[in-house]
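Convention: sequence-line order gives letters A, B, ...; per-chain numbering from 1.
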2 protein chains.
Amino acid sequence: MKAELIAAARRFNRTVTQRVGALDDEYMARGRPLAQARLLWEIGPGGAEVAVLRARLGLDSGYLSRLLRTLEGDGLVTVGPADQVGGDARVRAAVLTDAGRAEWAELDRRSDELAWSILEPLTEQRRERLVAAMAEVERLLIASMVVIEPCPPSDPRARACVRAYARDIARRFDDGFDPALSNPVHDEELVPPAGVFLLATLNAEPVGCGAVKLHRDAPAEIKRVWVADSVRGLGIGRRMLDELERYAAERGWAACRLDTNGNLTEAIAMYRSAGYREIEPYNTEYYAHHWFEKHLAP
Amino acid sequence: MKAELIAAARRFNRTVTQRVGALDDEYMARGRPLAQARLLWEIGPGGAEVAVLRARLGLDSGYLSRLLRTLEGDGLVTVGPADQVGGDARVRAAVLTDAGRAEWAELDRRSDELAWSILEPLTEQRRERLVAAMAEVERLLIASMVVIEPCPPSDPRARACVRAYARDIARRFDDGFDPALSNPVHDEELVPPAGVFLLATLNAEPVGCGAVKLHRDAPAEIKRVWVADSVRGLGIGRRMLDELERYAAERGWAACRLDTNGNLTEAIAMYRSAGYREIEPYNTEYYAHHWFEKHLAP
DNA sequence: TCATATGCCTGACTAAAGTCAGGTATATGA
DNA sequence: TCATATACCTGACTTTAGTCAGGCATATGA
């Protein structure tokens with residue numbers, strides 16, 4: 001069974017990434033070296049900071065610099081100080097010139113053309129089936145590309161997730177969310193050995209989080225499970241929950257508990273389907289309506 | 001609508017070919033230059049003729065030769081005369097040494113590993129959805145990669161298709177197929193301006209054919225529509241039919257006719273759905289049970 | 001049997017991709 | 001304010017990829 005799944009995924013990889021990928025590169029290149037074309041594309045009509053380009057394209061700093069000089073030499077790009085809010089004068093940004101914008105538009109047009117050349121030979125029915133299957137593959141691949149790892153709660157990406165989490169629940173709770181009324185969670189409680197904060201990332205971008213407090217002489221407590229809208233419905237929340245439970249179980253805890261607000265119906269459904277059973281309140285959390293517990297397999 | 005389809009295909013291309021493709025290459029390379037790794041892989045445990053490798057990998061003859069020398073130098077491959085039936089002493093074949101076979105097995109193992117690393121993070125349900133969607137995408141992409149082009153009927157690829165066609169119908173007809181009993185079709189009739197032979201190819205491999213005779217003062221006549229098993233169910237037969245009709249219509253013919261055997265039920269269904277109507281016999285073909293005609297839009 | 005084509009090879013070359021060691025200007029924390 | 005880090009840059013380099021012309025041995029059709 002597993003072997004069959006693997007074989008199918010390999011066939012897919014071979015057909016799609018090799019053949020379609022090669023086509024893609026050829027269309028993009030337009031006589032120009034591929035690296036230059038990709039860079040031009042990535043800068044885009046809105047421009048981009050050099051560091052961002054480096055990260056997105058995974059290039060060596062020197063190499064990228066040289067590529068930018070070449071595009072500048074061809075009059076397609078200008079590189080200047082990035083006018084960002086903070087105002088770090090070391091940071092520089094690349095911006096397309098008029099000629100560069102024209103070139104970018106041409107790449108965009110050709111990308112459309114390539115996509116259409118794939119769909120065009122098919123009947124309308126098959127086109128729609130293909131696009132639907134492509135969307136499914138894409139979503140599920142994205143799901144599988146999400147990485148869940150421990151992260152200090154003080155990390156800016158962790159902070160961003162917790163802020164997004166607070167915003168989300170403020171929107172969903174009947175009476176908003178005032179952190180002062182809620183039981184506080186301190187960073188130290190989410191740092192080993194007291195507990196852990198897990199961050200879910202997609203291509204290094206934070207897209208979810210979750211934490212567990214390992215209370216002495218009490219069940220572990222799950223906190224702050226949150227998943228970004230962009231990756232909802234892909235099972236990331238469930239994976240996060242599993243990872244948190246695993247963390248607690250591996251360290252000897254026999255049960256996990258959590259509290260939740262009655263408005264978070266999908267979350268409650270997820271907890272139930274993950275094996276959580278409703279219990280009597282074990283704390284006095286102002287915003288909680290339900291308390292759950294799950295016994296962990298040893 | 002079209003724009004939406006294109007946008008979806010582009011998102012797919014970006015996510016899949018770029019990210020998964022890059023992963024794929026990295027896994028395959030193993031410190032070795034990618035071209036060498038790919039070549040080693042393509043030679044495979046059974047060995048391969050040099051010309052076949054050149055065609056499959058799309059490499060320059062000199063470049064391939066050099067790559068083979070490098071692999072030979074590393075003790076992974078030996079290149080010698082190909083022991084083929086015909087015995088063309090110019091043809092040479094590459095064979096893996098024991099070390100090469102070990103390396104190949106390692107690549108195979110890593111390919112499995114990579115495929116599994118994509119599936120592993122998902123729940124079993126999502127894994128199966130992903131694999132199903134991958135298979136659908138793959139099949140439909142293959143369908144869209146099939147190219148239909150005119151080809152002289154004397155071309156070896158055309159001959160191979162016609163032979164496969166004869167084998168197929170011999171298997172399906174109640175009383176086999178004896179070409180001597182069937183109305184003959186001569187090459188000259190399938191060469192412009194008397195008619196045309198169209199060949200369907202997938203990555204330069206022949207996978208289907210079809211022909212049309214442009215009779216003077218009579219409807220055009222469709223002959224030898226055949227599609228290889230490997231690409232059946234992808235609408236290639238229907239596309240072939242469309243192309244043949246278009247060829248006739250563009251040259252002024254107002255109708256197409258064809259005859260067919262009663263056992264070829266899918267073909268008959270296709271003709272009907274393509275707008276063909278059954279007519280009285282217009283010839284004395286020994287193997288024909290049904291005769292069809294379609295009026296072409298001008 | 002001889003001109004021509006084919007399959008594979010080598011040598012000589014170029015372009016593209018990528019790496020590494022500094023260097024300069026700016027930011028940042030003690 | 002000073003050591004250290006960061007963002008980007010330049011110069012010098014290597015490796016990989018790919019092309020082209022020509023050569024040798026073998027096949028093939030007239």
Side-chain angles (χ1 to χ4, degrees), chain A residues 18 21-22 25-26 28-40 42-43 47-74 77-95 154 156, chain B residues 18 21-22 25-26 28-43 47-74 77-95 154-156:
Chain A
Q18 216 138 305
D25 289 352
E26 199 186 312
M28 171 136 296
R30 307 227 312 126
R32 196 188 308 286
L34 187 56
Q36 274 179 44
R38 271 209 242 276
L39 174 55
L40 184 72
E42 207 62 50
I43 293 170
E49 291 181 10
V50 174
V52 170
L53 295 170
R54 203 162 48 229
R56 281 212 289 245
L57 294 166
L59 298 176
D60 173 86
S61 142
Y63 185 28
L64 174 58
S65 216
R66 208 175 314 283
L67 287 172
L68 283 170
R69 291 302 84 69
T70 313
L71 290 178
E72 263 186 331
D74 293 351
V77 160
T78 56
V79 179
D83 305 316
Q84 32 164 30
V85 265
D88 185 332
R90 291 169 306 178
V91 174
R92 286 157 62 79
V95 177
S154 57
Chain B
Q18 218 139 303
D25 289 351
E26 198 186 313
M28 171 133 297
R30 308 226 313 125
R32 197 186 308 286
L34 188 55
Q36 273 179 46
R38 272 209 241 277
L39 174 55
L40 184 73
W41 174 257
E42 207 64 50
I43 292 170
E49 291 181 12
V50 175
V52 170
L53 294 171
R54 202 163 50 229
R56 282 213 288 245
L57 294 167
L59 298 176
D60 172 85
S61 144
Y63 184 28
L64 173 58
S65 216
R66 209 174 312 282
L67 287 172
L68 284 169
R69 289 303 83 71
T70 312
L71 290 177
E72 262 186 331
D74 292 350
V77 160
T78 57
V79 178
D83 305 318
Q84 32 164 31
V85 265
D88 185 330
R90 291 169 306 179
V91 175
R92 287 158 63 77
V95 177
S154 57
D155 186 292

*asked:* Using five pairs at each end of the helix from dT1(C)-dA30(D) to dA30(C)-dT1(D) to define an axis, what is the angle between those two axes, to 10°?
replied: 20°

Using atom types as modelled, flag every donor-acceptor pair under 3.5 Å from a side chain in residues 53-61 of chain A to any protein atom, sequence neighbours excluded.
{"residue": "Arg56(A)", "atom": "NE", "partner": "Glu42(A)", "partner atom": "OE2", "Å": "2.9"}
{"residue": "Arg56(A)", "atom": "NH2", "partner": "Glu42(A)", "partner atom": "O", "Å": "3.3"}
{"residue": "Asp60(A)", "atom": "OD2", "partner": "Gly62(A)", "partner atom": "N", "Å": "2.8"}
{"residue": "Asp60(A)", "atom": "OD2", "partner": "Tyr63(A)", "partner atom": "N", "Å": "3.0"}

*Search all heavy atoms of Ala94(A) against all heavy atoms of Ile43(A) and return the closest pair with its distance.*
O-CG2, 3.6 Å

_When you measure from the side chain of Glu72(A) to the backbone of Val79(A), do you find a donor-acceptor pair of N or O atoms at a distance under 3.5 Å?_
yes

*Spacing of Glu49(A) atom CD relative to dC9(D) atom C1', expressed in whole Å*: 17 Å

*asked:* To the nearest 0.5 Å, what is the distance between CZ on Arg32(A) and OG1 on Thr70(A)?
replied: 10.5 Å

*asked:* Can you identify which nucleotide, out of dA17(D), dC8(D), dG7(C), has its nearest atom closest to the Val91(B) side chain?
replied: dG7(C)

*Rounded to the Å, how far apart are Leu64(B) CG and dT19(D) P?*
13 Å

*Which nucleotide in the set dG7(C), dC9(D), dT19(D) lies at the smallest distance from any side-chain heavy atom of Ser61(A)?*
dC9(D)

_Test of understanding: with side-chain hydrogen bond (donor to acceptor under 3.5 Å, both in side chains), list the residues that count as partners of Asp155(B), not counting sequence neighbours._
Arg157(B)

*Which part of the nucleic acid does Leu34(B) contact within heavy-atom distance under 4.0 Å: base, sugar-phosphate only, or nothing?*
sugar-phosphate

*asked:* Rounded to whole Å, how long is the line connecting atom CG of Asp25(A) with atom C1' of dA17(D)?
replied: 14 Å

_Measure CD/Glu26(B) against C1'/dT16(D) and give the value in whole Å, please._
17 Å

_Whole-Å gap separating P (dA16(C)) and CG (Leu39(A))_ = 15 Å

_side-chain N/O Arg92(A) vs dC9(D) OP1/OP2, d < 4.0 Å_ = yes

*Atom CZ of Arg38(A) and atom C1' of dA16(C): how far apart are they, to the nearest Å?*
13 Å

*Would you kindly compare Arg90(A) and Gly31(B) by the position of their nearest DNA chain D nucleotide and give the one closer to the 5′ end?*
Arg90(A)

*Which atom of Val77(A) lies closest to which atom of Leu68(A), heavy atoms considered*: CG1-CD2, 4.5 Å

*dA17(C), dC9(C), dA7(D): which one has an atom nearest the side-chain heavy atoms of Leu68(B)?*
dC9(C)

*Whole Å only: how far is the CG atom of Leu67(A) from the C1' atom of dC8(D)?*
14 Å

*Looking only at heavy atoms, which two atoms of Met28(B) and Ala37(B) are closest? And how far apart?*
O-CB, 3.5 Å

*Using whole Å, report how far CZ of Arg54(A) lies from C1' of dA7(D).*
7 Å

*asked:* Quick check: on DNA chain C, is the nucleotide nearest Asp60(A) upstream (toward 5') of the one nearest Arg32(A), or the reverse? Name the residue that is more 5'.
replied: Arg32(A)

*Return yes if the base of dG18(D) and the side-chain atoms of Arg66(B) contain a donor-acceptor N/O pair under 3.5 Å, otherwise no.*
no

